[in-house]
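Written out below as structure tokens is the structure these notes cover.
For the single chain, residues carry numbers from 1 onward in sequence order. First listed ligand is number 1; within each ligand, the first listed atom is number 1.
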Amino acid sequence: MKEKYLIINAGSSSLKFSLYEMPSQDLIASGTFEKIGSIDSFYTIKTKDNKIKEELPVMNHAQAVNIMMGELLEKGIINDISEINGVGNRVLHGGEYYKDSVLINEEVIDNIRELSKFGPLHHPGQLSAINAIKFSLPGVPQVAVFDTAFHQTMPKENYMYPVPYEWYEENGVRKYGFHGSSHKYITEEMKNKLGKEPNLIICHIGSGASLSLIKDGKCQNTTMGLTPLDGLMMGTRSGVIDSSIIEYICNERDMSVEEVTNALNKQSGLLGISTKNDLRDVQELNTERSELALSMLKKSIINYIAQYYFEAKGDIDAIVFTAGIGENAISLREEILNDLAPVIGTYIDKDKNNEIAGFKEINEGLITTQDSNIPVYVIPTDEEAMILKDTYKLVNERKQIYAKPKTYIKEKLA
Ligand code: ADP
């Protein structure tokens, strides 16, 4: 019998799932629950030859999991729950506990619960999904894949904020970084391409955006921080700002800290400056403010590429653009590389850059000339492939442990 693996990505009010056959990585079914917790919630399920949409109040993530399992069985996508060999869960925050993906046990669940302080919007739904799977698929191993884990190799001088030390020791205030599965995926792709543990600057520019500096295949620095609000200007997030603005605006506009933080996450960035958060819409606006938003975004990316280039003392094998904007925004890539060219020698190959985008025939490849000091690539990211890979690996390692004599298992699990 072919093995099936379920991947679950639970957001604050959504739950996405995909069911794969392994090791072929064939996608058998996928689906999304949206507006969980509200009466107009709905879900869609897609298979190779069918797509359904149901409108029905889904009050929480556990209920979404129950409906999902019911639909998978009822539609004959699986005939029996025993066909599912493992479940991979995307989890927002692994704190300092997790440098890599892990098999979920009670201790992991307790830690994810404790780390809800860093992910109050995401962790409750993610925990509720994990617990509901435990109930519907008893004994099936589950894996947690943390958005922060890949960045745990940063040196302390890069992850500390210059604030009172007790804030770090007692409250966990430090840079953790996010989009870890994407940065890890791109690092592995580039390792295969270059045949070495690479030194990279990875520009993951989507609605959310982060850059990372990779040294010998490991994360050395990244732009997101304690939360995803830090670093680059994004679709609706401000990125780094003078933190005094918060108190000032609270007083001036009679807003609470929560309201200001919400505005910095949801009403700032491209949206705050131009009135639109989607880059394509901003590009179409053609107003003074949209032009300003575009140059601010470009500058924000250039500043971090320059910072990481100097931090790596110029020892960079490649720069990579990925995610919605990185993979598709041809003109932005060109402007960034042209602005960097006089200093770091990123010489664009205009034809190649024009050819490569998600909506064109070619969606990946080199976009610089042969004499460029640093090659620059576009590589489509695939966070889900990374989650699937880690889940499959850990579940199979576990199987091998259990296949050994009992004494070995005791030692290994002690
Ligand atoms: P996230 O996963 O963070 O929600 P994505 O990686 O899907 O975001 O990226 C979304 C962004 O990509 C949007 O700002 C969108 O405008 C941008 N994008 C997608 N296609 C294009 C395109 N053809 N040209 C410019 N920007 C694009």
Measuring from [X]:[atom1] to [Y]:[atom2], what's the distance to the nearest 0.5 Å?
{"X": "Leu394", "Y": "Lys389", "atom1": "CG", "atom2": "NZ", "answer": "12.0 Å"}
{"X": "Met255", "Y": "Thr261", "atom1": "CE", "atom2": "OG1", "answer": "9.0 Å"}
{"X": "Lys99", "Y": "Thr148", "atom1": "NZ", "atom2": "OG1", "answer": "11.0 Å"}

- Task: Assess the side chains of Tyr20 and Glu384: does a donor N or O sit below 3.5 Å from an acceptor N or O?
- Result: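 There is such a pair between these side chains.
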- Pair Ser41, Glu34: side-chain N/O donor-acceptor within cut-off below 3.5 Å: no
Among protein heavy atoms, which lies nearest [atom], and at what distance?
{"atom": "atom 14 (O) of ligand 1", "value": "Leu279 N, 3.1 Å"}
{"atom": "atom 16 (O) of ligand 1", "value": "Asp278 OD1, 2.4 Å"}
{"atom": "atom 22 (C) of ligand 1", "value": "Asn328 CB, 3.4 Å"}
{"atom": "atom 9 (O) of ligand 1", "value": "Gly324 CA, 3.2 Å"}
{"atom": "atom 4 (O) of ligand 1", "value": "Ser207 OG, 3.3 Å"}
{"atom": "atom 19 (C) of ligand 1", "value": "Arg280 CZ, 3.6 Å"}
{"atom": "atom 17 (C) of ligand 1", "value": "Ile325 CG1, 3.5 Å"}
{"atom": "atom 23 (N) of ligand 1", "value": "Phe359 CE2, 3.3 Å"}

- Check: Val395 and Val143 side chains under 4.5 Å, non-hydrogen atoms: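 Yes - at least one pair of side-chain heavy atoms lies under 4.5 Å apart.
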- Query: Counting each atom of ligand 1 from 1 as listed, which ones have a heavy atom of Gly208 under 4.0 Å away?
  - Reply: 3 (O)
- Task: Within a distance under 4.0 Å of any heavy atom of Gly206, pick out the atoms of ligand 1 and give their elements.
- Result: 5 (P), 6 (O), 8 (O), 9 (O)
- Query: What pair of heavy atoms forms the shortest contact from Val260 to Cys250, and how long is it?
  - Reply: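 Here Val260 and Cys250 meet closest at CG2-SG, 3.8 Å.
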Taking distance alone, with N or O pairs closer than 3.5 Å, would you say [X] contacts ligand 1?
{"X": "Gln283", "answer": "no"}
{"X": "Ala323", "answer": "no"}
{"X": "Ala329", "answer": "no"}

- Query: Are any side-chain N or O atoms of Asp349 and backbone N or O atoms of Asp351, one a donor and one an acceptor, separated by less than 3.5 Å?
  - Reply: yes
- atom 6 (O) of ligand 1 touched by protein heavy atom at under 4.0 Å: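 There is a protein heavy atom less than 4.0 Å from atom 6 (O) of ligand 1.
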- Message: Between Phe118 and Tyr176 (judged by ring centroids, cut-off 6.0 Å), do the two rings come close enough to count as a pair?
- Response: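 Between Tyr176 and Phe118, which both carry aromatic rings, the centre distance is below 6.0 Å.
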